[in-house]
There are 2 protein chains.
Amino acid sequence: MTPPSAKLTARRKSRPSFAPLTAHEAELAEFFVRMAGILGVPRSVAEIYSLLYAAPAAVDFDQIQGRLGMSKGSVSQGLKFLRDQGMVLSVKAPGSRRERWQPTASLAASLVTLLRSQVLPALEQSSPSLDRIVQGAQDSQASAEVIERLTRLRRWNARALELFPLMLPPPRES
Amino acid sequence: MTPPSAKLTARRKSRPSFAPLTAHEAELAEFFVRMAGILGVPRSVAEIYSLLYAAPAAVDFDQIQGRLGMSKGSVSQGLKFLRDQGMVLSVKAPGSRRERWQPTASLAASLVTLLRSQVLPALEQSSPSLDRIVQGAQDSQASAEVIERLTRLRRWNARALELFPLMLPPPRES
DNA sequence: CTGATGTTTCAATAATTTTTGAACATACGC
DNA sequence: GCGTATGTTCAAAAATTATTGAAACATCAG
């Protein structure tokens with residue numbers, strides 16, 4: 001599979017053959033993958049972020065694909081996700097169309113954004129539901145115990161809903 | 001499929017034909033399912049918990065299976081999960097072998113336990129990894145920027161690891 | 001003791017999620 | 001403006017995760 005001479009096959013693009021991850025890079029990736037897993041973020045996304053996180057400089061599309069050995073589709077979708085979450089940003093080298101990626105400043109902020117994007121919609125959707133449910137429990141002659149439980153649930157939901165926006169201002173446009 | 005008369009088929013056990021969920025019960029279940037989804041807890045487990053949560057009294061195995069329309073296997077596994085997380089407990093009616101289930105007192109406490117069970121192992125596993133990684137970055141001449149990032153990551157990890165045990169005493173045996 | 005009742009186990013199946021790759025769009029350097 | 005380097009889309013395949021159901025197991029009432 002490996003061409004005898006790189007020069008011969010490299011007439012056109014000089015496909016660079018990327019280094020596999022170092023042991024440390026792989027270990028860091030496992031860390032990010034584990035943590036991401038808790039929030040339901042797919043492995044490929046965590047791997048991409050990890051690579052950028054430990055990189056000495058911004059990394060371009062082909063390097064990501066090459067070093068992680070994943071498909072173009074995955075890299076594209078993974079970067080889209082990370083971009084949408086505000087976890088990475090791209091810089092363009094002058095005189096090249098190619099984008100190069102790096103993590104944004106604060107991982108903490110990114111995580112809050114990520115959490116918010118998962119939890120907030122659920123909370124919002126639930127608010128009217130919980131109102132109806134508590135109402136229903138009171139109308140039917142539910143036990144005091146159950147009404148107490150449900151009311152507490154609603155209180156939590158409302159409180160979380162207030163609290164979340166305070167944790168960080170919503171991501172602004174660039 | 002439906003027998004003409006329940007009495008005829010019910011000679012032996014009087015299979016009780018369970019009521020489907022009320023609208024409010026279903027809505028509450030959706031709430032729990034959504035929230036559980038964030039932590040990767042399967043739908044069936046959330047449904048079981050929800051049923052118990054809104055029930056006026058402890059609920060037995062067959063009722064859970066019947067009202068939720070799920071298999072014995074799912075009910076058994078779901079209860080095992082909830083039991084292991086300390087989210088439900090069983091009471092036995094006297095003179096009956098059958099267990100009846102109800103939610104434990106504090107949902108909040110249960111959630112912390114659940115979170116812990118997901119996050120703690122990841123943190124613990126990661127600790128030595130991160131040490132090695134930071135070490136490696138320093139040994140090789142990584143950029144100050146990267147070393148800074150990795151060091152911060154390790155600090156976080158360590159802090160979280162200290163903090164978690166404080167949030168709630170580990171579940172004690174009964 | 002024993003047999004029916006109540007529960008667990010687990011291999012097979014179903015459902016869901018993730019990844020791939022080839023076709024399609026875009027825009028930039030020339 | 002053209003042609004191609006650069007990225008995106010999306011349907012299909014692969015991988016993962018959840019559910020089922022039948023058989024094994026356990027336990028207690030009689």
Side-chain angles (χ1 to χ4, degrees), chain A residues 10-16 18 29 32-34 36-49 51-52 58-84 88-101 118, chain B residues 10-16 18 29 32-34 36-49 51-52 58-84 88-101 118:
Chain A
R11 289 277 297 105
R12 217 161 226 297
K13 280 303 298 291
S14 84
R15 187 151 6 135
F18 302 95
F32 276 111
V33 166
R34 268 199 300 277
I38 292 169
L39 288 171
V41 173
R43 159 172 286 270
S44 63
V45 174
E47 286 179 347
I48 293 172
Y49 186 82
L51 181 65
L52 303 189
V59 182
D60 72 31
F61 195 105
D62 284 358
Q63 291 187 114
I64 297 172
Q65 187 187 352
R67 297 204 64 205
L68 294 177
M70 61 177 62
S71 69
K72 272 178 130 192
S74 284
V75 175
S76 177
Q77 289 179 187
L79 285 174
K80 174 172 173 24
F81 178 94
L82 292 168
R83 207 189 306 134
D84 291 350
V88 303
L89 51 81
S90 72
V91 296
K92 267 200 187 113
S96 160
R97 184 153 16 140
R98 187 156 261 192
E99 308 205 72
R100 312 180 71 226
W101 299 90
Q118 299 225 10
Chain B
R11 290 278 296 101
R12 214 158 227 299
K13 281 304 298 292
S14 82
R15 184 152 8 136
F18 301 94
F32 276 112
V33 167
R34 267 200 300 279
I38 292 168
L39 288 171
V41 173
R43 158 171 287 270
S44 62
V45 174
E47 286 179 348
I48 294 172
Y49 186 81
L51 181 66
L52 304 188
V59 182
D60 72 31
F61 195 106
D62 284 359
Q63 292 188 111
I64 296 171
Q65 187 188 352
R67 298 204 64 205
L68 295 177
M70 62 176 61
S71 69
K72 276 179 148 193
S74 284
V75 175
S76 177
Q77 288 179 187
L79 285 174
K80 175 169 171 27
F81 177 93
L82 291 167
R83 206 191 305 133
D84 291 350
V88 303
L89 51 81
S90 73
V91 296
K92 268 200 187 115
S96 160
R97 191 157 1 146
R98 188 157 262 194
E99 307 206 71
R100 311 180 70 225
W101 298 90
Q118 300 226 8

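Below, read A as the first sequence line, B as the second, and so on, with proteins coming before strands; counting in each chain starts at 1.
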Any N/O pairs under 3.5 Å between the protein and nucleotides 14-20 of chain C? List them or say none.
{"from": "dT19(C)", "atom 1": "OP1", "to": "S44(A)", "atom 2": "N", "distance (Å)": "3.3"}
{"from": "dT19(C)", "atom 1": "OP2", "to": "S44(A)", "atom 2": "OG", "distance (Å)": "2.6"}
{"from": "dT20(C)", "atom 1": "OP2", "to": "S71(A)", "atom 2": "N", "distance (Å)": "3.1"}
{"from": "dT20(C)", "atom 1": "OP2", "to": "S71(A)", "atom 2": "OG", "distance (Å)": "3.3"}
{"from": "dT20(C)", "atom 1": "OP2", "to": "S74(A)", "atom 2": "OG", "distance (Å)": "3.0"}

Could you tell me how far apart [X] ([atom1]) and [N] ([atom2]) are, to the nearest whole angstrom?
{"X": "D62(B)", "N": "dA4(C)", "atom1": "CG", "atom2": "C1'", "answer": "14 Å"}
{"X": "E99(B)", "N": "dT5(C)", "atom1": "CD", "atom2": "C1'", "answer": "13 Å"}
{"X": "L79(B)", "N": "dG6(C)", "atom1": "CG", "atom2": "P", "answer": "15 Å"}
{"X": "I48(B)", "N": "dA18(D)", "atom1": "CD1", "atom2": "P", "answer": "13 Å"}
{"X": "I64(A)", "N": "dT8(D)", "atom1": "CD1", "atom2": "C1'", "answer": "15 Å"}
{"X": "F61(A)", "N": "dT8(D)", "atom1": "CZ", "atom2": "P", "answer": "6 Å"}
{"X": "Q118(B)", "N": "dT17(D)", "atom1": "CD", "atom2": "P", "answer": "12 Å"}
{"X": "R100(A)", "N": "dT6(D)", "atom1": "CZ", "atom2": "C1'", "answer": "15 Å"}

Is the shortest heavy-atom distance from the side chain of [X] to the side chain of [Y] under 4.5 Å?
{"X": "M70(A)", "Y": "I48(A)", "result": "yes"}
{"X": "R83(B)", "Y": "W101(B)", "result": "yes"}
{"X": "D62(A)", "Y": "V75(A)", "result": "no"}
{"X": "F18(B)", "Y": "Q63(B)", "result": "yes"}

Out of curiosity, [X] [atom1] to [Y] [atom2], how far, rounded to the nearest 0.5 Å?
{"X": "L79(B)", "Y": "L89(B)", "atom1": "CG", "atom2": "CG", "answer": "11.5 Å"}
{"X": "K72(A)", "Y": "Q77(A)", "atom1": "NZ", "atom2": "CD", "answer": "13.5 Å"}
{"X": "S74(A)", "Y": "I64(A)", "atom1": "OG", "atom2": "CD1", "answer": "12.0 Å"}

Output a table of nitrogen or oxygen pairs between the protein and nucleotides 26-30 of chain D separated by less than 3.5 Å.
{"from": "dT27(D)", "atom 1": "O2", "to": "R97(B)", "atom 2": "NH1", "distance (Å)": "2.3"}
{"from": "dC28(D)", "atom 1": "O4'", "to": "R97(B)", "atom 2": "NE", "distance (Å)": "3.3"}
{"from": "dC28(D)", "atom 1": "O2", "to": "R97(B)", "atom 2": "NH2", "distance (Å)": "3.3"}

Practice task
State whether the side chain of Q118(B) and the backbone N or O of L39(B) hold a donor-acceptor pair below 3.5 Å, judged by distance alone.
Solution key: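 Yes; judged by distance alone, with no hydrogens or angles, the pair exists.
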Exercise for the section: Give R83(B) one of three labels, base, sugar-phosphate or nothing, depending on what nucleic acid heavy atoms sit under 4.0 Å from its own. Expected result: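 Counting heavy atoms under 4.0 Å across all strands, the contact made by R83(B) is with sugar-phosphate only.
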Exercise for the section: Have a look at D60(B) and tell me which of R98(B), R97(B), R100(B) forms a salt bridge (charged side-chain N to carboxylate O under 4.0 Å, His left out) with it. Expected result: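 Of all the options given, the one that passes is R98(B).
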